[in-house]
Amino acid sequence: HTSSYNSADYALLSLQPSGEGRGTEHLERAASSCGTLLPIIRRTMRFSRFNLLPAESATVHKYWRCHNRAFLLSGHHLKALYLKCTEIGLNHRNTDNQVKVHAYSLMDNHVHQIVSYSGPLTKLCHFMRVAHGVFGRRFNRLQRRSGAVANDRPKTALLQNDFHSMRAQFYVEANPI
């Protein structure tokens, strides 16, 4: 199959293996029929973690930014609240102690964590859903506000090897400097 889009565009389309029922065929057809559609897809479409991360056991760099880039975590008590909610997520019955946080950095407007999961990817998803859900509800109640706390869902970049893990951990731990 030949087309007119460049290698960066093709990398976007090849994130999911073709022919395995992962749903990229419609992207390939759209990209080959309309050269201007792909940049729009790249900016607006998000891919499921189930298509981007291994189904079993991995380590990821998880990060998220506060809504509107506001400094919502500017007090020590708010950072402690986030850590408590992270602990609740780690101890939740759906994670079965298969999610571990190896390093973290809590800045006033964003958070970085190095997280590993063993077993199915759903363990990581449950952890994030519980931790961020509890944090959002408690934060909004404490601040007497409503609405989003995070700008978007947390990003989870796969750490593919030991060197990548070491660099990510150094970045997370040196982030406040």
Side-chain angles (χ1 to χ4, degrees), residues 7-28 41-67 73 79-107 109-139 148-177:
S7 60
D9 295 336
Y10 186 73
L12 172 74
L13 295 175
S14 63
L15 287 174
Q16 303 167 328
S18 297
E20 293 183 19
R22 300 269 186 152
T24 59
E25 294 80 18
H26 68 285
L27 288 177
E28 291 184 33
I41 291 171
R42 186 183 295 128
R43 284 193 307 266
T44 61
M45 186 174 181
R46 77 175 198 193
F47 290 102
S48 168
R49 280 189 184 86
F50 290 95
N51 295 329
L52 299 175
L53 295 176
E56 303 286 329
S57 314
T59 303
V60 297
H61 174 198
K62 177 174 115 24
Y63 54 100
W64 62 273
R65 189 183 339 216
C66 293
H67 189 64
L73 299 172
K79 291 178 175 125
L81 174 64
Y82 182 78
L83 290 176
K84 179 65 178 167
C85 294
T86 297
E87 182 182 351
I88 291 169
L90 289 171
N91 294 326
H92 193 266
R93 69 187 183 308
N94 287 339
T95 60
D96 297 327
N97 293 319
Q98 293 183 7
V99 177
K100 300 199 180 334
V101 175
H102 301 282
Y104 65 87
S105 177
L106 307 177
M107 307 304 292
N109 66 345
H110 66 284
V111 172
H112 293 274
Q113 293 174 318
I114 303 295
V115 180
S116 66
Y117 62 94
S118 56
L121 176 59
T122 55
K123 301 298 181 187
L124 177 67
C125 296
H126 286 300
F127 157 68
M128 290 191 297
R129 186 178 313 118
V130 169
H132 285 260
V134 171
F135 177 68
R137 287 188 298 277
R138 290 183 180 184
F139 178 87
V149 176
N151 196 40
D152 198 2
R153 69 180 187 152
K155 309 292 188 275
T156 50
L158 177 64
L159 302 178
Q160 298 175 358
N161 55 43
D162 289 340
F163 179 73
H164 196 192
S165 295
M166 181 186 65
R167 289 193 60 176
Q169 183 146 352
F170 177 76
Y171 175 79
V172 167
E173 292 179 4
N175 197 274
I177 297 174

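Here the shortest heavy-atom pairing between E173 and P176 reads O-CD, 3.6 Å. Heavy-atom minimum distance, E56 versus P120: OE1-N, 3.6 Å. Between V130 and G89, the shortest heavy-atom distance links the atoms CG1-CA, 3.8 Å. Shortest non-hydrogen contact noted between L90 and T95 is O-OG1, 2.9 Å. The minimum heavy-atom distance linking I88 with R138 is given by the pair CD1-NH1, 3.5 Å. Considering every non-hydrogen atom in both A157 and Y63, the closest pair reads CB-CE2, 4.5 Å.
Checked by atom type, the side-chain pair H164/R167 shows no donor-acceptor distance below 3.5 Å. With no hydrogens or angles considered, no side-chain donor-acceptor pair links H102 and T59 at under 3.5 Å. Between the side chains of Q98 and K123, no donor-acceptor pair of N or O atoms lies under 3.5 Å. Side-chain atoms of H61 and H112 include a donor-acceptor pair closer than 3.5 Å.
Contacts of S57 classified as side chain to side chain contact (heavy atoms under 4.5 Å, CB included), with partners at least two apart in sequence or in another chain: S118. With sequence neighbours excluded, the residues forming a side chain to side chain contact (heavy atoms under 4.5 Å, CB included) with S165 are L159, listed by chain and number.
Judged purely by atom type and a 3.5 angstrom limit, S105 has no side-chain atom pairing as donor or acceptor with the backbone of N175.
Contact check for I114 versus K62: no side-chain heavy atoms found under the 4.5 Å cut-off.
When each of L83, V111, V115 is paired with Y104, the side chain to side chain contact (heavy atoms under 4.5 Å, CB included) condition holds for L83 and for no other.
Note: M128 CE to W64 CH2 = 13.0 Å, rounded to the nearest 0.5 Å. Atom CG of L121 and atom NE2 of H126 lie 9.5 Å apart (nearest 0.5 Å). Distance check, rounded to the nearest 0.5 Å: CZ of F127 to CG of N91 gives 10.0 Å. Rounded to the nearest 0.5 angstrom, F135 CZ and L81 CG are separated by 5.5 Å. If you take OH on Y117 and OG1 on T156, they are separated by 8.0 Å, rounding to the nearest 0.5 Å.
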Derivation of the side-chain contact (heavy atoms from CB on, under 4.5 Å) call for Y82 and K79: CA-CA 5 Å; Y82 182 78; K79 291 178 175 125; 5.7 Å; no
